[in-house]
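The analysis underlying the following values was restricted to heavy atoms, covering all of them including side chains, and did not include hydrogens, waters or symmetry mates.
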Amino acid sequence: MNSTPSPTTMPDFASMPLVELDDDTTATLDFAPAVPSRRTHRNPTPTPATPAPATGSQQRFTDWKIVTELRSLVSDALSKEDRLGQPIEDQKAQSISLITHLIDDQERDRINEGLPRWTGEERRALNQAVLEAVFGFGRLQPLLDDDTIENIELYGHEKVIVQRTGHQFEEVAPIADSDEELLSMLAHYAHQANRNFDPAHPNLELSLGSTARLEATGWVVPKPIATIRIHRLIDITLNDLVELDLMPVELADFLRAAVRAKKSMMVAGDRGAGKTTLLRALINEIDAAEKIGTIESIYELHLELLGAGRHPRLVQWEAVPGSSEKDAAGRPIGEITMDYWAQRSFRHNLDRLIVGELLGTEVIAMFEAMQTGAGSMSTVHAKSAAAVPERIVTLARKDGRVTEDFARRQVAENIDLAIYVGVVPLGERDPWTGVAPRGRRITNVTTYSPGEDGRVASTQLWEYSNGQIREQLAAPFADDLIPHLAKKTPRSQS
């Protein structure tokens, strides 16, 4: 299997010694710190540092055509010399030596063309840029390191729009000089993750490091497009979300008790509303002794980053897209679906099954897990709280064996709580821009039960109005929560 260095394990560039850059200078890569966090909530694994813009003695190499060319040469050489199966440290050491020789070749070409030699500082900057491009994310890295950015949108090579905290959008400098370079960059990321991105495989979904998810399409659209979702809050608690105004402390106490009482929960909301972040906070309330299984289309929860003591009995599964070739049944060869993992999970004696996001027929296995009363959790896209039951029914109907009545009955009988997260206006519109400040809030907590004519009866327990969410009714399982309402672990109190 191809074991080329994955972006999820970025090397420590700062520790890589470089060979002599000129007659009397030997240098090491000098990386400036990443952009400091503007929050108190920590990410358990700091994002690898990248160089700051050139100031004083620091310099960043900006001839990206040369960087891209050298990156391709280094990657090809590692592959041809069968270095990809070797330890990452060996690959890095080989790359450092190789890059130095390639820079020498480039410099000889420059001299032959009458161009000046690079200075020692320029060579250091070029070495650094190529290493970033081979083992990291190159020109994209500064955006990934910017703590204020939540989403990155690429519309061809010339337009990059970022969404910052507070739902503010801004166009920033391009990260590629042509569409071809952008496609090459994305294909390089795919190769690092043992995925394909080429005309035969025009769609790409993968993780970029431990906090970002990329979705890209090329060749079958006028310009390559990509969307990168960045999860800044990995190690997060319900109390942290109270501090961020996602919910009041009373609702946090209610949800904490529901998790510990093993109530099955569905976190719903629109794209980018904070569903995965809330799911992580709910998972953090699960007792460390419980065995947890997670199923995701692309790893996003990253519970393994929270330390071995947090969830020591953790099993993680990720879907595999398969190749472009089909088997006799018409399925991609090598494909492993979320539904497949969901069915296999029942043989692992799990205390909880968590599906990162319901996308299709795996919802049936989710229903089976919820029938055991084990407090399973998942997220789902829905345009409103009222639309959640029908959205889940629609996903279940993708399995041709499932009837609408069966799907509705499963929703009514097995989902104890549906928590809806929305992005709401927080004040008056600015008279100059016409834009109102917006923020993420839990806007609805609902429980379901069987209704008339086979329908799903919804009961709103908490409802958002006039800028606040308040409890409307006691949950029908309120007695189950009583032993847990006054029980807080030291972590919950932090």
Side-chain angles (χ1 to χ4, degrees), residues 2 4 6-8 64 68 71-72 75 133 136-144 149-163 169-209 211-231 270-273 275-276 296-300 318-326 330-338 356-362 379-381 383 394-395 398:
N2 189 346
T4 188
S6 167
T8 60
W64 296 108
T68 301
R71 183 208 70 198
S72 297
S75 297
F137 304 114
R139 296 169 72 175
L140 180 62
Q141 191 70 52
L143 299 181
L144 296 175
I149 294 177
E150 296 180 347
N151 289 303
I152 304 170
E153 301 172 356
L154 309 179
Y155 302 91
H157 77 280
E158 72 276 12
K159 183 181 289 187
V160 180
I161 296 176
V162 300
Q163 177 187 343
F169 292 86
E170 174 188 341
E171 187 168 351
V172 297
I175 62 168
D177 294 331
S178 67
D179 287 349
E180 290 72 22
E181 182 184 337
L182 177 58
L183 289 169
S184 174
M185 181 187 306
L186 295 173
H188 178 68
Y189 299 159
H191 179 68
Q192 289 180 306
N194 297 321
R195 302 287 176 96
N196 294 313
F197 186 59
D198 52 45
H201 307 85
N203 295 308
L204 176 64
E205 183 183 18
L206 55 80
S207 295
L208 296 180
T211 60
R213 180 191 68 193
L214 178 144
E215 179 77 33
T217 302
W219 295 282
V220 295
V221 289
K223 287 180 174 293
I225 56 173
T227 301
I228 301 170
R229 172 68 177 155
I230 305 174
H231 295 284
D270 205 350
R271 291 171 177 81
K275 300 183 298 297
T276 303
E296 301 179 84
S297 60
I298 288 291
Y299 287 134
E300 288 187 273
E318 181 184 43
V320 178
S323 70
S324 57
E325 299 180 6
K326 307 291 184 181
R331 293 185 295 265
I333 293 177
E335 179 186 42
I336 304 178
T337 64
M338 293 172 65
E357 180 182 352
L358 293 179
L359 299 171
T361 56
E362 65 276 354
T379 72
V380 67
H381 285 300
K383 65 181 180 181
T394 299
L395 294 176
K398 289 184 178 182

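With hydrogens and angles ignored, the 3.5 Å screen pairs no side-chain donor or acceptor of T379 with any backbone N or O of T276. K398 contributes a side-chain N or O that, together with a main-chain N or O of L359, makes up a donor-acceptor pair within less than 3.5 Å. When atom types are taken as modelled, the side chain of K275 and the backbone of D270 share a donor-acceptor pair closer than 3.5 angstrom. One N or O on the side chain of R195 and one on the backbone of E205 form a donor-acceptor pair closer than 3.5 Å. E180 places no side-chain N or O within donor-acceptor distance of the main-chain N or O of S178, the cut-off being under 3.5 Å.
Atom OG1 of residue T337 and atom CD of residue E335 lie 6.0 Å apart, to the nearest 0.5 angstrom. With values rounded to the nearest 0.5 angstrom, L144 atom CG is found 5.0 Å from I152 atom CD1.
The two atoms that bring F197 and T217 nearest to each other are CZ-C, 4.1 Å, heavy atoms only. Annotation for H157 and P174: closest pair O-CB, 3.2 Å, computed over non-hydrogen atoms. The minimum heavy-atom distance between Y189 and L140, with the atom names listed, is OH-CB, 3.8 Å. What you find for S184 and R71 is that their closest heavy atoms are OG-NH2, 2.7 Å. Here the closest non-hydrogen pair linking A190 and L204 is CB-CD1, 3.7 Å. For the pair I298 and S207, the tightest heavy-atom approach, listed with the atom from each and the gap, is CG2-OG, 2.9 Å.
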